[in-house]
Amino acid sequence: MEDAYSIHGGKPLTGNVQLSGAKNAALKMVIGALLFDGKVTLNNVPRIRDLDELLHLFTELGATAEFIDANTVVIDGTGLNTNTVDLLHGSKIRSSFLLFAPLLKRFKEAHIPNPGGCRIGARPIDRIMNGLKELGGVVEYDHATGYYHGKLAQKTHGTYTFEKPSHTGTEFMIMLSVFAEGTVHIHNAALEPEIDDLISFFNEGGAQIHRDGSSIIVNGVTSLVQKKPYTIVSDRNEAVTFAVLGLITKGDVTVGPINPELLSTFILEVKKCGGGVEIINPNKIRFHYIGPFTASQIETEPHPGFMTDWQQNWVVLMTQAQGISTVHERVFENRFAFVSELQKLGANIEFDTTPVPNAKQYYHFTYDPEKVYKQAIKIYGPQQLHSGVLTVTDLRAGATLAIAALLVPGESIVNGVSILERGYERFVEKVTELGGDIKRL
Ligand code: EPU
């Protein structure tokens, strides 16, 4: 099979989309399941490539993970029998470093390859590994092998303040602290709702984790035991992709189940630029075309701001808006690799490299004043895009290129779609159900 989609665009997409479970909650929860005594059942687990990779790693570590129906997995970490994560599979997934938590709990020492994931900027884990050290652990990186070697002999306690909030970093600190000797305080923690989903999952199993704004307080417990299956929250990023598809194709798409509050910043921007939004009920949102879009000015931020994962989809929408739109990426460096692909379709987008004041504070990555960054773009719209042959650069960019191809009449080929499928479940089927003409080659 080719790693590509053939898309004939130009049709309005209409209908309902049943959202899948959130990738960025599911990956962490299946790892968190290894901290429990006995079996853990998770519902609404998305069948995506990143998850398949991770569950493959589980079997190599001696744990079991079995799907008992399409989206329900039963995980049992009882049989964990090695403290070394395989280089090939471990390095493919960003979240694999979270395996430190269950492996350190079981073996006191663990070896994990430098995490992979989408190549969006350097994505170091320095701030996260500092957290492990702050809780009394030791961690060393071996440049020759690409492995992190970690040790955590005693039970944890203490305080850790993130220099800048980190989504997965916050989850890592929570996982390390669940069995603390006393209390662990995590300050300047990230606010993403997927983290709160993970906290609820642990608390249902007996953990004592409390959020107080950007601080998280963990009172250690001795064990976690699941009492009833846990259902993973819906994927906000998937909701945004289908919302943009409905709007840009002059269609009408309803997404759910999703709490509209989790998308409030996105909804606000859609309304501001002239898109139609209707909150149908506390779990369903309709996005529909009501007239020409107008330009917008976006800066990405961690939750509750405009998410970095939404900007790529937003950029293609803004190619259809009247005026000059701007998007400034503050969270990750190098998250505009897809721009050159959109330019192939005739998009009029240029980079704005004007330095910002206080760049070290402004950006969430570690800013190096010696480097030239391409963090901001201007989009001149509206532009009539045409079909073309495109290559996916990273996960969210993959959805963006598919959106562009579904907008334009004629056949487009999108290459490298296995990257998109790392995070979108049944993408082809869902688009087809909305009336889109898309085939996997
Ligand atoms: N950072 C460091 N050092 C660290 C940790 C983070 O420099 O030790 C930097 C990162 O390089 C980045 C910024 O801090 O520039 C924020 O990173 P964060 O740790 O918050 O992001 P993440 O946990 O790596 C998760 C999601 C991303 C999502 C962001 C923001 C997962 C597996 N990934 O990344 O999702 O964009 O949070 O919410 O949960 C995606 O789904 O496509 C995706 C990239």
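Atoms within a ligand are numbered from 1 in the order they appear, just like the ligands themselves. Just so it is clear, the structure is predicted and the values come from calculations on it, not from any experiment.
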- [ ] Would you mind reporting whether Arg330 and Gln375 have side-chain heavy atoms less than 4.5 Å apart?
- [x] no

Task: Distance filter under 4.0 Å to Lys28 heavy atoms, resulting ligand 1 atoms - done: 31 (C), 32 (C), 39 (O)

Task: Any Lys164 heavy atom less than 4.0 Å to ligand 1 - done: no

Task: Whether Asp3 side chain and Ser418 backbone form a donor-acceptor pair below 3.5 Å - done: yes

TODO: Give the numbers and elements of all ligand 1 atoms closer than 4.0 Å to a heavy atom of Val331.
DONE: 12 (C), 13 (C), 15 (O), 16 (C)

Open item on the list: For Arg94, which part has a heavy atom under 4.0 Å from ligand 1: side chain, backbone, both, or neither?
Closed with: side chain

TODO: Return the set of residues passing ring pair (Phe, Tyr, Trp, His ring centres under 6.0 Å) with His364 (not counting sequence neighbours), or none when no residue passes.
DONE: none

TODO: For ligand 1, find out whether one of its N or O atoms is nearer than 3.5 Å to an N or O atom of Arg396.
DONE: yes

TODO: Return yes if some donor-acceptor pair links the side-chain N/O of Tyr147 with the main-chain N/O of Val85 below 3.5 Å, else return no.
DONE: yes

Open item on the list: Counting only heavy atoms, tell me which of Asn24, Ile93, Asp50 gets closest to atom 35 (O) of ligand 1.
Closed with: Asn24

- [ ] Give the numbers and elements of all ligand 1 atoms closer than 4.0 Å to a heavy atom of Met307.
- [x] 38 (O)

- [ ] Show which atoms of ligand 1 fall inside a sub-4.0 Å distance from at least one heavy-atom site of Glu192.
- [x] 38 (O)

Task: Structural part of Lys23 in contact with ligand 1, heavy atom criterion under 4.0 angstrom - done: side chain

Task: From Arg426, Lys430, Arg396, residue fulfilling salt bridge (charged side-chain N to carboxylate O under 4.0 Å, His left out) relative to Glu238 - done: Lys430

Open item on the list: Looking at Phe351, I'd like to know if the NZ or CZ of Lys374 sits under 6.0 Å from its six-membered ring centre while staying within 45 degrees of the ring's axis.
Closed with: yes

Open item on the list: Using a 4.0 Å cut-off to any heavy atom of Leu395, which atoms of ligand 1 qualify?
Closed with: 42 (O)

Open item on the list: Residue-level breakdown please: for Thr308 versus ligand 1, do any non-hydrogen atoms fall below 4.0 Å on the side chain, on the backbone, on both, or on neither?
Closed with: side chain

TODO: Could you check whether the rings of Phe427 and Tyr424 sit parallel, tilted or perpendicular, using 30° and 60° as the cut-offs?
DONE: perpendicular

Open item on the list: Quick check on contacts: which atoms of ligand 1 are under 4.0 angstrom from a heavy atom of Phe365?
Closed with: 15 (O)

Open item on the list: So, 4.0 Å and heavy atoms of Glu238: is ligand 1 close enough to count as a contact?
Closed with: no

Open item on the list: Angle between ring planes, Tyr362 versus His328, binned at 30° and 60°: parallel, tilted or perpendicular?
Closed with: perpendicular

Task: Thr432 (side chain) donor-acceptor with Val428 (main chain) under 3.5 angstrom - done: yes

Open item on the list: Using modelled atom types and a 3.5 Å cut-off, is there a donor and acceptor pairing between side-chain atoms of Asp394 and backbone atoms of Ala397?
Closed with: yes

TODO: May I ask you to identify, for His303, whether its side chain, its backbone, both or neither come under 4.0 Å of ligand 1 on a heavy-atom basis?
DONE: neither

Open item on the list: Heavy-atom pairs closer than 4.0 Å: do any link ligand 1 to the side chain of Thr168, the backbone, both, or neither?
Closed with: both

- [ ] Assign the ring pair Phe266 / Trp314 to parallel, tilted or perpendicular, where the plane angle (0 to 90°) is split at 30° and 60°.
- [x] perpendicular

Task: Location of contacts on His167 toward ligand 1, heavy atoms closer than 4.0 Å - done: both

Task: Contact check: Glu171 vs ligand 1, nitrogen or oxygen atoms, below 3.5 angstrom - done: no

TODO: Could you see which bit of Ser95 sits under 4.0 Å from ligand 1, with heavy atoms only: side chain, backbone, both or neither?
DONE: side chain

